[in-house]
Amino acid sequence: LLAVSLMSTGFYRFSLILTWLLNLLLMMTEVLKLSLMLTELLELSFIVTELLKLSLIDTELLKLSLILTELLKLSLIDTELLKLSLILTELLKLSLMLTELLKLSLIDTELLKLSLILTELLKLSLMLHEFLRLSLIAPAMLQLSLL
């Protein structure tokens with residue numbers, strides 16, 4: 001009986017050790033489950049990090065887009081300035097033409113003055129011609145009056 005009791009105690013101890021080992025295995029299983037969850041969390045954290053990187057890249061692209069928009073606005077302003085420059089060039093050409101027309105007008109005025117002077121000279125020439133005719137008639141009349 002003592003031997004059976006000792007065996008029973010040994011089995012009981014063995015059973016306790018097995019139970020304790022099973023509990024350890026259960027705990028290790030739980031630790032492994034937690035380790036898997038942690039791994040998944042780390043993977044999710046990595047994915048979130050990558051998404052944040054993509055968000056930063058997107059933000060930089062938006063900044064570049066804004067800069068490009070400003071450059072396009074400046075280009076439009078530059079285009080308008082070029083148009084205004086072309087208009088100014090045309091106005092300068094017209095101004096040069098007007099200057100030439102004014103020069104021609106001055107020449108025309110001078111020609112009119114010369115024409116007036118020529119008219120006066122023609123009048124004087126006619127008067128001189130009339131005077132010469134009268135001076136030729138006067139001696140003949142003087143001779144006639146003496147007779």
Check whether any side-chain N or O of Thr109 sits under 3.5 Å from a backbone N or O of Ser105 as a donor-acceptor pair, and report yes or no. yes
Could you tell me whether a side-chain N or O of Ser45 sits under 3.5 Å from a main-chain N or O of Leu41, the two making a donor and an acceptor? no
Could you please spell out the steps behind the side-chain contact (heavy atoms from CB on, under 4.5 Å) verdict for Glu60 and Leu56? CA-CA 6 Å; Glu60 290 303 314; Leu56 285 173; 5.7 Å; no
Taking all non-hydrogen atoms of both residues, which atom of Leu136 and which atom of Pro139 are closest, and how far apart? O-CD, 3.3 Å
Rounded to the nearest 0.5 Å, what separates atom [atom1] in [X] from atom [atom2] in [Y]?
| X | Y | atom1 | atom2 | value |
| --- | --- | --- | --- | --- |
| Ile87 | Leu94 | CD1 | CG | 11.5 Å |
| Ile57 | Lys53 | CD1 | NZ | 8.5 Å |
| Leu134 | Met127 | CG | CE | 13.0 Å |

Let me see the working for Leu51 and Ile47 under side-chain contact (heavy atoms from CB on, under 4.5 Å), right down to the final yes or no. CA-CA 6 Å; Leu51 287 173; Ile47 290 171; 4.2 Å; yes
Residue pairs fulfilling salt bridge (Lys or Arg N to Asp or Glu O under 4.0 Å) with at least one residue in residues 131-144, sequence neighbours excluded: Glu130-Arg133
Identify each donor-acceptor pair in which a side-chain atom of residues 22-40 lies under 3.5 Å from a protein atom, sequence neighbours left out, and give them as a table.
| residue | atom | partner | partner atom | Å |
| --- | --- | --- | --- | --- |
| Thr29 | OG1 | Leu25 | O | 2.8 |
| Thr39 | OG1 | Ser35 | O | 2.8 |

Under the side-chain contact (heavy atoms from CB on, under 4.5 Å) test, residues paired with Leu66 that sit two or more places apart: none
Before giving the answer on side-chain contact (heavy atoms from CB on, under 4.5 Å), spell out for Ile17 and Leu21 the whole-Å C-alpha distance, their side-chain angles and the decisive distance to 0.1 Å. CA-CA 6 Å; Ile17 291 172; Leu21 283 175; 4.1 Å; yes
Applying side-chain contact (heavy atoms from CB on, under 4.5 Å) to Val48 and Leu52, what does each step give before you reach the verdict? CA-CA 6 Å; Val48 168; Leu52 286 172; 4.2 Å; yes
Is any side-chain heavy atom of Leu88 closer than 4.5 Å to one of Ser85? no
